[in-house]
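First the structure, in the form of structure tokens, and then the observations on it.
Remember, it's a predicted structure, so these values are computed and weren't measured experimentally.
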Amino acid sequence: MAKQPDDQRPAASRPRSGAHFRKRYEELETRRSVLIDRLRALGDKGRTHVGYKRALKLLNDTFRRSSLVQRVAILEAAAWLIDILERLTQSM
């Protein structure tokens, strides 16, 4: 039997793209909450640094305004910035 394109398959046998989107969305939200926890764990020393506000803005405003694909890069940038802040606060 020849394989039919998705648009000609019965609805029950089509892949559920909504479920895949939801799973990726949930994974990104989980990564975001982990990064926010790391940022909050910096304490008062970290909060006084200029980069703290920038990381928070990345994880909230910028993250919310971006597409799902862009959110991956935003989380990587925020993780990088938090890594630097953690190193700085350890040396303070």
Side-chain angles (χ1 to χ4, degrees):
M1 182 175 210
K3 210 172 187 186
Q4 294 178 341
D6 283 343
D7 58 339
Q8 294 178 355
R9 287 185 191 175
S13 66
R14 282 188 217 146
R16 291 184 51 201
S17 62
H20 179 68
F21 173 84
R22 190 69 180 158
K23 182 180 176 192
R24 288 189 61 200
Y25 178 84
E26 298 278 334
E27 289 171 356
L28 291 174
E29 283 294 329
T30 302
R31 286 177 58 189
R32 177 181 166 268
S33 67
V34 168
L35 289 173
I36 288 175
D37 291 342
R38 281 181 57 197
L39 193 59
R40 288 186 179 143
L42 292 174
D44 293 334
K45 287 182 184 178
R47 285 189 187 101
T48 60
H49 196 278
V50 177
Y52 182 90
K53 284 186 179 180
R54 182 62 191 144
L56 202 55
K57 186 172 180 83
L58 277 171
L59 291 171
N60 288 316
D61 301 338
T62 309
F63 183 82
R64 294 284 177 226
R65 281 187 268 130
S66 61
S67 70
L68 194 66
V69 175
Q70 292 170 331
R71 288 179 177 190
V72 175
I74 290 168
L75 291 176
E76 289 175 3
W80 175 81
L81 187 53
I82 293 169
D83 287 341
I84 291 174
L85 290 171
E86 287 172 339
R87 290 180 191 154
L88 287 173
T89 55
Q90 287 175 358
S91 65
M92 293 174 116

### Task
Dump the intermediate steps for side chain to side chain contact (heavy atoms under 4.5 Å, CB included) on Glu76 and Arg31, then the final yes or no.
CA-CA 10 Å; Glu76 289 175 3; Arg31 286 177 58 189; 4.1 Å; yes

Measure across [X] and [Y] and return the closest heavy-atom pair with its distance rounded to 0.1 Å.
{"X": "Tyr52", "Y": "Leu42", "result": "CD1-CD1, 4.3 Å"}
{"X": "Ser66", "Y": "Ile74", "result": "OG-CD1, 3.3 Å"}
{"X": "Arg47", "Y": "Arg40", "result": "NH2-O, 3.6 Å"}
{"X": "Ala78", "Y": "Leu35", "result": "CB-CD1, 4.3 Å"}

### Task
Would you check, one step at a time, whether the test side chain to side chain contact (heavy atoms under 4.5 Å, CB included) holds for Thr62 with Arg65?
CA-CA 5 Å; Thr62 309; Arg65 281 187 268 130; 4.3 Å; yes

### Query
Heavy-atom distance under 4.5 Å between the side chains of Asp83 and Arg38, does that happen here?
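Touching, per the 4.5 Å side-chain cut-off.
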
Once rounded to the nearest 0.5 Å, what's the spacing between atom [atom1] of [X] and atom [atom2] of [Y]?
{"X": "Leu68", "Y": "Tyr25", "atom1": "CG", "atom2": "OH", "value": "9.0 Å"}
{"X": "Leu39", "Y": "Arg32", "atom1": "CG", "atom2": "CZ", "value": "11.0 Å"}
{"X": "Arg54", "Y": "Leu85", "atom1": "CZ", "atom2": "CG", "value": "12.5 Å"}

### Task
Indicate if Phe21 and Val69 have the same hydrophobic cluster label, given that clusters are the connected sets of ILVMFWY residues with side-chain heavy-atom separations under 4.5 angstrom.
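No, because Phe21 and Val69 fall into different hydrophobic clusters, even though each may have its own neighbours under 4.5 Å.
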
### Task
Establish whether Leu56 and Val34 are linked, either directly or via other cluster members, by ILVMFWY side-chain heavy-atom contacts under 4.5 Å.
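Looking at the clustering, Val34 is in a separate group from Leu56.
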
### Task
Would you check, one step at a time, whether the test side chain to side chain contact (heavy atoms under 4.5 Å, CB included) holds for Arg71 with Arg24?
CA-CA 11 Å; Arg71 288 179 177 190; Arg24 288 189 61 200; over 6 Å; no

### Residues forming a side chain to side chain donor-acceptor pair (under 3.5 Å) with Glu26, sequence neighbours excluded
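Result, side chain to side chain donor-acceptor pair (under 3.5 Å) vs Glu26: Arg22.
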
### Query
How far apart are the C-alpha atoms of Ile82 and Leu59, what are their side-chain angles, what is the distance that settles it, and do they pass the side chain to side chain contact (heavy atoms under 4.5 Å, CB included) test?
CA-CA 11 Å; Ile82 293 169; Leu59 291 171; 4.1 Å; yes

